[in-house]
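Working notes, structure below.
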Amino acid sequence: MDIEVIKRNTVEIIPEDELFEKLKRSEKLRVKLGIDPTAPDIHLGLAVVLRKLRDFQDLGHQAVLIVGDFTAKIGDPSGRNKTRPQLTDAEIKENMENYKPQIFKILKEKQTEFRYNSEWLGKLSSEDIIKLAAKFTVAQVIERDDISKRLKKNEPIALHELLYALFQGYDSVAVRADIELGGTDQKFNLLFGRELQRVFGQELQVAIMMPLLEGLDGVRKMSKSYGNYVGITESPKEMFGKLMSIPDTLILKYLELTTNLNEIEINNIKRNLKEGTNPRDIKLRLAREVVSIYHSQEEARKAEEEFLQVFSKKELPTEIPSYTPQEKKIWIVKLLVDSGLAPTRNEARRLIEQGGVKLDRITVKDTNLELEIEKDIILKVGKRKFLKIKVR
RNA sequence: GGGGAGAUACCCAAGUGGCCAAAGGGGGCAGACUGUAAAUCUGUUGGCGAAUGCCUUCGAAGGUUCGAAUCCUUCUCUCCCCA
């Protein structure tokens, strides 16, 4: 029943019958996934795809990770309405330093081949590129959704962006991919890989598309640049809190895509939800499951306790960072800025005026308050920022 | 090569001489409520200042004017049409 494991949570498999064929041959298949070295953190959205790759590993297949160091210099136009900024080699290298340990939180290191695509793309000569490009037409390249949308909206498209799919497709040729994984936004690129393989007389890869996970805002896809992501290396506390902040409408999708719960358990939860279980409790379960995957059950339990303590009971968290001001007597606005709780004095004033600043549970009303620090005092800003102000 | 349109804050977008630190929406932040960092509602959203205020910001640089996002000149970039 390998096929069921593989199909679970996928959106589309093109073509499905070729996948059956490949699986039937009972060879070790090479499953390719391109990763973008521009984002130094892996988040739950990318983890959806990585976890699928892990499914393949568990069935004995080989993961082939392509670090798009060369293609990052082009910038994938997928899902973008703007030309991406180009990265320097140094930036890419730095990002990748952080990357590997994160990846192996999900993948098995043994069954993972790690390749940089500059290895082959960097060697292509102008002549090679012209030969490759000659195999395809402009119409083929601009039919892709994101490019054609930008064309329609009269937005600029740089010439090199049109070559993106060509290079990513060539990766598939270079590593002889049997299967390529990606989000639904990668459809065009994945299919273009097949075209390249056809040109080179290889067996065509099967494209498997995973759903895109919406971020914490519930609207846009999870992405570092939108700031709506949960990083898999974040602290249990942060991770837990962020998961509690997803909109109720996304609960089931998150349960399916980010936890190890099986379909029976998810169906149970679905029924509970319909019968009126408090969605908050289901989110607590979700957060617990996810934190357990990337940290531990114990940490997850602690994070939950902490969450209930701070947000439901409105008590103090167990650990509060501390700050010791230089002066004994300090203007409250200056204190907020100096301690990093507010970026500017105007912002600090605004927070006070709106009742967002508390000293030992008492709301600060006066922006001119001169605070005499005689004993340690707890400064609270908004719902979740705490700081212990210490006597000098 | 010729003709036309455009560049506004984190993003989208209005504004064509003073009432513009700049409408509206999104996002962010805060408050209320709650079931929670959900939903909804309200407020707020350049910096400095206790404050009348001052400084920076409407692609860039100059200019006109008592006064410029707005008018003029040059430049940079983008899009469209023709060749």
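Heavy-atom basis, side chains included; hydrogens, waters and symmetry copies ignored. Chain identifiers are assigned alphabetically (A, B, ...) following the order of the sequence lines, protein sequences preceding nucleic acid strands; residue numbering begins at 1 within each chain.
With a 6.0 Å radius and a threshold of 12 heavy atoms from other residues, nucleotides or ligands, A/Glu372 has its CD atom above the threshold. Around NZ of A/Lys253, the count of heavy atoms belonging to other residues, nucleotides or ligands within 6.0 Å exceeds 12.
Between the P atom of B/rA37 and the CD atom of A/Glu304 lies a distance of 15 Å, rounded to the nearest Å. Rounded to whole Å, the distance from CD1 on A/Ile246 to C1' on B/rA37 is 11 Å. Atom pair A/Arg150:CZ and B/rC80:P shows a separation of 12 Å (rounding to whole Å applied). Per the geometry, CG belonging to A/Asn228 stands 17 Å off P belonging to B/rC11, to the nearest Å. In this entry the distance linking CG of A/Leu336 with P of B/rC48 reads 12 Å, nearest Å. With rounding to whole Å, A/Leu216 atom CG is found 11 Å from B/rA38 atom P. Rounded to an integer number of Å, the gap from A/Asn154 CG to B/rC77 C1' is 16 Å. Atom CZ in A/Arg349 sits about 18 Å away from atom C1' in B/rG43, given to the nearest Å.
Here the separation of B/rU70 from B/rU57, taken at their P atoms, is 13 Å to the nearest Å. Going from the C1' atom of B/rA9 to that of B/rA13 covers 11 Å, rounded to whole Å. When the P atom is used for both B/rC10 and B/rA23, the distance is 14 Å, rounded to whole Å. Going from the C1' atom of B/rU74 to that of B/rC82 covers 27 Å, rounded to whole Å. Rounded to whole Å, the P atom of B/rA22 lies 13 Å from the corresponding atom of B/rU44. Taking the C1' atoms as reference points, B/rU45 lies 35 Å from B/rG63, given to the whole Å. Comparing the C1' positions of B/rG59 and B/rA69 gives an interatomic distance of 12 Å, to the nearest angstrom. The gap from the P atom of B/rG26 to that of B/rU42 amounts to 11 Å, rounded to the nearest Å.
Here B/rA21 sits opposite no nucleotide as a Watson-Crick or G-U wobble pair (both hydrogen-bonding atom distances under 3.5 Å). Using Watson-Crick or G-U wobble geometry with both donor-acceptor distances under 3.5 Å, B/rU78 finds its partner in B/rA5. The base-pairing partner of B/rA13, taking Watson-Crick or G-U wobble contacts with both distances under 3.5 Å, does not exist among the strands shown. Across all strands shown, B/rU52 has no partner, as no Watson-Crick or G-U wobble contact with both distances under 3.5 Å is found. Across all strands shown, B/rU64 forms no Watson-Crick or G-U wobble pair with both distances under 3.5 Å. In this structure, B/rU44 and B/rG28 make a Watson-Crick or G-U wobble pair, each of the two defining distances being under 3.5 angstrom.
Although no hydrogens or angles enter the test, the distance criterion places a donor-acceptor pair under 3.5 Å between the side chain of A/Lys283 and the main chain of A/Ile246. Judged by distance alone, the side chain of A/Tyr254 and the main-chain N or O of A/Glu214 form a donor-acceptor pair under 3.5 Å. Under a 3.5 Å cut-off, the side chain of A/Arg8 and the backbone N or O of A/Ile3 do not form any donor-acceptor pair. A distance-only check finds no donor-acceptor pair linking the side chain of A/Asp2 to the backbone of A/Leu23 [under 3.5 Å].
Using a 3.5 Å distance cut-off with no hydrogens or angles, the side chains of A/Glu306 and A/Thr318 do pair a donor with an acceptor. Side chain to side chain, A/Glu315 and A/Gln309 fail the donor-acceptor criterion of an N or O pair below 3.5 Å.
Side-chain nitrogen and oxygen atoms of A/Asn346 include none within less than 4.0 Å of the OP1 or OP2 phosphate oxygen of B/rG46. Distances shorter than 4.0 Å separate some side-chain N or O of A/Thr344 from OP1 or OP2 on B/rG47. In terms of phosphate contacts, A/Asn368 brings no side-chain nitrogen or oxygen within less than 4.0 Å of OP1 or OP2 of B/rA50.
Residue contacts shown for A/Leu284 are absent, as no nucleic acid heavy atom lies under 4.0 Å away.
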Once base and sugar-phosphate atoms are separated, protein heavy atoms under 4.0 Å mark nucleotides 27-35 of chain B, 5' to 3', with B, S and - as --SSS--BB
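The distance between the ring centers of A/Tyr116 and A/Phe70 does not fall below 6.0 angstrom.
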